[in-house]
Amino acid sequence: MAERLRELTTTYFKVWNSHDQAGIEALHSEKSTLKDWNAEHGPTRADVAKGIAGIWKDVPTIKIEIVDLFTSVTNTCVASIRVIVDAATTLKVTDVIEYDDAGLVVRLDAYVAQPKPKVLFVLGGPGAGKGTQCAKIVEEFSDWAHISAGDCLRAERQDPNSKDGELIEQIIKEGKIVPVAITVKLLQKAMVASKKSCFLIDGFPRNLDNVTGWKENVGELGAQVCGVLYYEAKEDELEKRLLSRGETSGRSDDNIDSIRKRFKTYISETMPIIDEYKAKNLVYTVDGMPPADEVWKVTQGIVRQVEAMPPM
Ligand SMILES: Nc1ncnc2c1ncn2[C@@H]1O[C@H](COP(=O)(O)OP(=O)(O)OP(=O)(O)O)[C@@H](O)[C@H]1O
Ligand SMILES: O=c1ccn([C@@H]2O[C@H](COP(=O)(O)O)[C@@H](O)[C@H]2O)c(=O)[nH]1
């Protein structure tokens with residue numbers, strides 16, 4: 001049975017790829033249905049074939065590749081397939097195909113996997129230029145949203161109804177790191193609200209607790225972490241930048257005491273995380289010392305590279 005189902009299914013997709021309406025009609029039983037994420041056809045084979053031919057007409061380049069076939073003692077075959085729409089678009093689809101005793105398709109239900117959002121974590125010392133570069137990215141690349149963990153926390157602190165506001169304020173002033181349960185919830189809320197498909201998560205993950213919290217709450221099912229965009233710059237330069245920013249930013253941590261504490265936390269807690277991602281070859285290191293426009297040229301190239309990664 002298993003071998004027969006494999007043969008029938010392989011033949012089915014061969015004919016499908018030849019875009020032959022009469023050929024595909026002949027592989028369906030007289031009473032046949034087809035349902036996918038967009039449409040429903042049947043209950044006759046002529047109607048199903050007409051529906052499929054409509055897809056070929058709309059997308060003449062469309063092709064299907066079989067990834068895997070699953071069979072059992074039943075007369076149903078589950079096919080994991082790739083639907084190659086065009087050079088830029090491939091869909092991950094699962095087809096559940098039920099055959100009759102004559103080997104004709106009685107029912108085909110197709111399910112599409114939603115592509116996961118792409119994520120780039122953006123890290124670097126305080127004042128390294130993360131926010132500056134993220135602002136440029138979202139201006140140039142329309143699929144991307146900039147979500148700054150620090151901004152999320154500052155907004156939460158401002159909310160008079162938040163039970164975490166006071167704790168966040170104390171931790172930020174001390175240059176320490178807020179418990180991940182608070183941060184990750186705010187990040188997820190911002191991701192959902194943005195309606196974008198690619199996210200710059202700026203200033204996160206800052207320590208092991210953050211990494212664990214991300215894995216537990218978002219994880220591999222919730223996002224495709226494409227890497228870490230890491231801005232490297234010397235501490236004395238960063239101190240100058242932050243003191244200068246502090247003249248107008250109104251941030252309670254842009255003062256010399258908090259800045260020094262933030263550096264300490266960065267070295268002891270965040271650097272080891274960056275090193276871990278480096279060991280996994282996931283870090284795009286950018287020299288953050290040159291003027292912002294020069295840093296941007298490098299940043300731009302990296303974002304293009306990440307955009308070109310196949311979705312998972
Ligand atoms: N390449 C650069 N050269 C000089 N100054 C820069 C550069 N990039 C950013 N700045 C300035 O440095 C200050 C800090 O930059 P920015 O806010 O982008 O850093 P950040 O890494 O997001 O900081 P933080 O982690 O504290 O939020 C800002 O005043 C910004 O205008
Ligand atoms: O994931 C995070 C991000 C930030 N914090 C706290 O906020 C401040 C400011 O962060 P910026 O990235 O500089 O805006 C940071 O020093 C931490 O105290 C955090 O706890 N967790």
Side-chain angles (χ1 to χ4, degrees), residues 119 121-139 146-158 164-191 199-214 217-218 228-271 273-274 286-300:
V119 163
F121 292 136
V122 185
L123 293 175
K130 303 181 291 293
T132 303
Q133 296 301 319
C134 287
K136 288 177 182 287
I137 294 170
V138 295
E139 211 182 297
H146 173 205
I147 297 175
S148 153
D151 284 351
C152 291
L153 291 166
R154 282 185 285 274
E156 181 70 9
R157 180 189 58 183
Q158 294 304 107
D164 301 317
E166 218 168 286
L167 175 71
I168 293 172
E169 174 60 9
Q170 280 170 14
I171 293 177
I172 286 183
K173 261 201 188 146
E174 284 306 307
K176 293 191 176 148
I177 298 169
V178 173
V180 72
I182 297 175
T183 315
V184 84
K185 194 181 70 194
L186 298 174
L187 293 175
Q188 285 180 300
K189 207 168 129 193
M191 286 168 78
F199 298 97
L200 300 156
I201 306 290
D202 169 5
F204 182 96
R206 277 175 133 89
N207 63 4
L208 192 58
D209 176 52
N210 282 183
V211 173
T212 310
W214 176 271
N217 289 279
V218 183
V228 175
L229 187 51
Y230 165 49
Y231 293 96
E232 210 170 29
K234 294 203 181 90
E235 193 169 320
D236 54 348
E237 164 71 9
L238 298 185
E239 191 175 293
K240 269 189 238 157
R241 288 185 192 177
L242 292 180
L243 287 173
S244 157
R245 187 177 72 181
E247 288 166 16
T248 54
S249 69
R251 279 179 56 159
S252 61
D253 58 351
D254 275 351
N255 58 76
I256 194 66
D257 271 2
S258 297
I259 290 170
R260 297 225 161 118
K261 286 175 182 165
R262 287 158 70 196
F263 281 135
K264 264 197 177 167
T265 305
Y266 172 67
I267 301 292
S268 63
E269 299 201 44
T270 311
M271 281 302 291
I273 300 303
I274 296 170
V286 180
D287 181 2
M289 291 294 281
D293 285 347
E294 279 184 37
V295 179
W296 169 235
K297 287 179 196 154
V298 182
T299 300
Q300 233 177 339

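Read the numbers this way: they start at 1 and go in the same order the structure lists the ligands and their atoms.
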Student: Are the side chains of Thr183 and Cys152 in contact, using a 4.5 Å heavy-atom criterion?
Tutor: no
Student: Do any nitrogen or oxygen atoms of Lys176 lie less than 3.5 angstrom from nitrogen or oxygen atoms of ligand 2?
Tutor: yes
Student: Using distance alone, decide if ligand 2 has a nitrogen or oxygen within less than 3.5 Å of any nitrogen or oxygen in Lys130.
Tutor: no
Student: Which ligand 2 atoms are under 4.0 Å away from a heavy-atom of Leu153?
Tutor: 2 (C), 3 (C), 4 (C), 5 (N), 6 (C), 19 (C), 20 (O), 21 (N)
Student: Which of the atoms in ligand 2, numbered in the order shown and given with their element, are less than 4.0 Å from a heavy-atom of Ala149?
Tutor: 1 (O), 2 (C), 3 (C)
Student: Taking only non-hydrogen atoms of Arg251, do any sit less than 4.0 angstrom from ligand 2?
Tutor: yes
Student: Using a 4.0 Å cut-off to any heavy atom of Asn210, which atoms of ligand 2 qualify?
Tutor: 1 (O)
Student: Of the protein's non-hydrogen atoms, which lies at the shortest distance from atom 19 (O) of ligand 1, and what is that distance?
Tutor: Gly129 N, 3.2 Å
Student: Below 3.5 Å, N or O to N or O, backbone or side chain included: is there any such pair between Ala128 and ligand 1?
Tutor: yes
Student: Any Lys/Arg nitrogen of Arg260 or Glu239 sitting under 4.0 Å from an Asp/Glu carboxylate oxygen of the other?
Tutor: yes
Student: Using heavy atoms and a 4.0 Å limit, tell me yes or no: is Ser249 in contact with ligand 1?
Tutor: no
Student: Below 3.5 Å, N or O to N or O, backbone or side chain included: is there any such pair between Thr183 and ligand 2?
Tutor: no
Student: Using a 4.0 Å heavy-atom cut-off, which part of Ile177 comes near ligand 2: side chain, backbone, both, or neither?
Tutor: both
Student: Under 3.5 Å, side chain of Ser252 to main-chain N/O of Lys173, donor-acceptor pair present?
Tutor: no
Student: Of the protein's non-hydrogen atoms, which lies at the shortest distance from atom 14 (O) of ligand 2, and what is that distance?
Tutor: Arg154 NH2, 2.9 Å
Student: Looking at Asp293 and Lys136, does any basic side-chain N land under 4.0 Å from a carboxylate oxygen?
Tutor: yes
Student: Can you tell me the protein heavy atom closest to atom 7 (O) of ligand 2 and the distance?
Tutor: Ile172 CG1, 3.6 Å
Student: Counting only heavy atoms closer than 4.0 Å, does ligand 1 sit against the backbone of Pro291, its side chain, both, or neither?
Tutor: backbone
Student: Do any heavy atoms of Glu294 fall under 4.0 Å from ligand 1?
Tutor: no
Student: So do the side chains of Ile172 and Arg154 get within less than 4.5 Å of each other, counting heavy atoms only?
Tutor: yes
Student: For atom 27 (O) of ligand 1, tell me which residue out of Lys240, Arg251, Lys130 has the closest non-hydrogen atom.
Tutor: Arg251
Student: If hydrogens are left out, which of Glu237, Arg245, Arg154 has an atom nearest to atom 24 (P) of ligand 1, that is, the closest non-hydrogen atom?
Tutor: Arg245
Student: Should you measure from each heavy atom of Val178, which atoms of ligand 2 turn up under 4.0 Å away?
Tutor: 19 (C), 20 (O)
Student: So which atom in Pro205 and which in Asn210 form the shortest heavy-atom distance, rounded to 0.1 Å?
Tutor: CB-CB, 3.5 Å
Student: Could you tell me whether Asp236 and Lys234 make a salt bridge, using a distance below 4.0 angstrom between a side-chain N and a carboxylate O?
Tutor: no
Student: Out of Val119, Leu123, Ile201, which one pairs with Val228 under the side-chain contact (heavy atoms from CB on, under 4.5 Å) rule?
Tutor: Leu123
Student: As an exercise, identify every atom of ligand 1 less than 4.0 angstrom from a heavy atom of Ala292.
Tutor: 1 (N), 2 (C)
Student: Within the side chain of Ser244, is there an N or O that forms a donor-acceptor pair under 3.5 Å with the backbone of Lys240?
Tutor: no
Student: State whether the side chain of Asn217 and the backbone N or O of Val184 hold a donor-acceptor pair below 3.5 Å, judged by distance alone.
Tutor: no
Student: Is the side chain of Gln133 donor-acceptor paired with the backbone N or O of Ala292 at a distance under 3.5 Å, no angle test?
Tutor: yes
Student: One residue to check: Asp253. Relative to ligand 2, which of side chain, backbone, both or neither has a non-hydrogen atom less than 4.0 Å away?
Tutor: side chain
Student: Does any N/O atom on Val295 come nearer than 3.5 Å to any N/O atom on ligand 1?
Tutor: no
Student: Between Arg241 and Asp254 (salt bridge meaning N to carboxylate O under 4.0 Å), is one present in this structure?
Tutor: no
Student: Counting only heavy atoms, tell me which of Arg241, Arg206, Arg262 gets closest to atom 2 (C) of ligand 1.
Tutor: Arg241
Student: Only one of Trp214, Tyr230, Tyr231 clears ring pair (Phe, Tyr, Trp, His ring centres under 6.0 Å) with Phe121; which?
Tutor: Trp214
Student: Which of the atoms of ligand 1 are close to Gly131, meaning less than 4.0 Å from one of its heavy atoms?
Tutor: 18 (O), 20 (P), 22 (O)
Student: To the nearest 0.1 Å, how far is atom 10 (O) of ligand 2 from its closest protein heavy atom, and which atom is that?
Tutor: Arg206 NH2, 3.5 Å
Student: Short N/O distance, under 3.5 Å, between Gly127 and ligand 1?
Tutor: yes
Student: Would you please determine whether Gly288 falls within less than 4.0 Å of ligand 1 on a heavy-atom basis?
Tutor: yes
Student: Which ligand 2 atoms are under 4.0 Å away from a heavy-atom of Gly203?
Tutor: 1 (O), 2 (C), 3 (C)
Student: Do the side chain of Thr265 and the main chain of Gly175 share a donor and acceptor less than 3.5 angstrom apart?
Tutor: yes
Student: For atom 31 (O) of ligand 1, which protein heavy atom lies nearest, and how many Å away is it?
Tutor: Thr132 OG1, 4.2 Å
Student: Heavy-atom contact under 4.0 Å between Gly124 and ligand 1?
Tutor: no
Student: Between Thr270 and Asn207, is there a side-chain heavy-atom distance shorter than 4.5 Å?
Tutor: no
Student: Do the side chains of Leu200 and Ile137 get nearer than 4.5 Å, heavy atoms only?
Tutor: yes
Student: Would you say the side-chain atoms of Arg262 pair up with the backbone N or O of Asp253, donor to acceptor, closer than 3.5 Å?
Tutor: yes
Student: Counting non-hydrogen protein atoms only, what is the nearest one to atom 1 (N) of ligand 1? Give residue, atom name and distance.
Tutor: Pro290 O, 2.8 Å
